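Before any comments, here is the structure.
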Amino acid sequence: RIERPPTMLPLSLLSTATGNPMLIELKNGDTYNGRLVSSDTWMNVNLTEVICTSRDGDRFWKLAECYIRGNAIKYLRIPDEIIDMVRDDEVVAHGKGDKAGGRGYGRQRGRGGRVNATGGGR
């Protein structure tokens, strides 16, 4: 049996990575190395202390800050320590054991609650 790593949401990964260094490669091949300042739900990111490398690797630019649109990102490279922090946070969040929320038969609202086999209420 193959052990699969736990899944994690990219947005939770980005929010945990705020303030840490990362490498972003764009679809056009350019790479941006910098410190993550912020991100949003469309994976748009703001970086500071950025070093941009051309697709060929022959040109470099140093930028104080930059904004990268999420739909231009090919992949993100984030330090393993950050990924481990996200896994730990998700284990704590999912390990609480409470059954609140979800689609179960909790407290019903209005008419149309669960009906048993005799046609009556619960």
Side-chain angles (χ1 to χ4, degrees):
R1 189 172 174 187
I2 297 173
E3 187 77 24
R4 277 196 272 162
T7 59
M8 66 180 66
L9 298 173
L11 296 178
S12 64
L13 180 63
L14 279 176
S15 64
T16 303
T18 301
N20 291 291
M22 66 169 33
L23 178 136
I24 299 176
E25 183 173 335
L26 304 185
K27 292 177 183 176
N28 69 6
D30 293 347
T31 60
Y32 288 79
N33 259 308
R35 197 167 288 279
L36 180 64
V37 175
S38 64
S39 62
D40 63 18
T41 55
W42 294 278
M43 262 176 74
N44 301 321
V45 296
N46 285 312
L47 299 175
T48 59
E49 305 168 17
V50 184
I51 297 178
C52 177
T53 307
S54 68
R55 160 186 0 192
D56 306 325
D58 57 352
R59 291 180 303 208
F60 302 91
W61 298 271
K62 185 167 180 154
L63 308 169
E65 60 185 17
C66 75
Y67 173 85
I68 300 173
R69 192 173 160 133
N71 69 349
I73 295 174
K74 182 178 182 180
Y75 73 85
L76 305 167
R77 186 157 192 186
I78 298 173
D80 290 336
E81 299 85 36
I82 304 303
I83 295 170
D84 293 339
M85 286 170 50
V86 173
R87 285 188 185 134
D88 293 344
D89 290 346
E90 287 183 354
V91 165
V92 169
H94 294 300
K96 290 182 180 175
D98 60 349
K99 306 247 186 230
R103 303 190 110 201
Y105 290 105
R107 195 169 102 198
Q108 299 294 322
R109 296 182 61 190
R111 301 172 76 182
R114 191 172 119 193
V115 178
N116 65 19
T118 62
R122 296 178 211 222

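As the structure is a prediction and not an experimental result, all values here were calculated from the model.
- In this structure, CD in Glu25 is found 4.5 Å from NZ in Lys74, a value given to the nearest 0.5 Å.
- For the salt bridge (charged side-chain N to carboxylate O under 4.0 Å, His left out) test, no residue two or more places apart in sequence or in another chain qualifies with Arg55.
- Shortest non-hydrogen contact noted between Leu76 and Ile73 is CD2-CG2, 3.9 Å.
- Under the side-chain hydrogen bond (donor to acceptor under 3.5 Å, both in side chains) criterion, Ser38 pairs with Asn46, not counting sequence neighbours.
- At a threshold of 4.5 Å between side-chain heavy atoms, the hydrophobic network of Ile, Leu, Val, Met, Phe, Trp and Tyr places Leu14 and Ile83 in one connected group.
- Listed here is the closest heavy atom pair of Ala17 and Met22: CB-CE, 4.2 Å.
- Cluster annotation: Ile82 is not connected to Leu23 through the hydrophobic network of ILVMFWY side chains, with a link wherever side-chain heavy atoms come within less than 4.5 Å.
- When every heavy atom of Trp61 is checked against every heavy atom of Ser54, the shortest pair comes out as CZ3-N, 3.9 Å.
- In this structure, the separation between OH on Tyr75 and OG1 on Thr31 is 7.5 Å, given to the nearest 0.5 Å.
- Here Asp40 pairs with Trp42, Asn44 under the side-chain contact (heavy atoms from CB on, under 4.5 Å) rule; sequence neighbours left out.
- Between the side chain of Lys27 and the main chain of Asn71, a donor-acceptor pair closer than 3.5 Å is present.
- To the nearest 0.5 Å, the span separating CZ on Arg77 from CG on Asn33 amounts to 9.5 Å.
- Here the CZ-CG distance, from Arg69 to Leu26, works out to 12.5 Å after rounding to the nearest 0.5 Å.
- Between the CD atom in Glu49 and the CD atom in Glu65 there is a gap of 11.0 Å [rounded to 0.5 Å].
- The only option from Thr48, Ile24, Leu47, Ile78 that meets the side chain to side chain contact (heavy atoms under 4.5 Å, CB included) definition with Leu36 turns out to be Leu47.
- Minimum interatomic distance between Pro21 and Pro79 (heavy atoms only, all atoms of both residues): O-CD, 3.3 Å.
- When every heavy atom of Thr53 is checked against every heavy atom of Gly57, the shortest pair comes out as CG2-CA, 3.8 Å.
- Both Leu13 and Tyr32 are members of a single hydrophobic cluster when ILVMFWY side chains are connected at heavy-atom separations under 4.5 Å.
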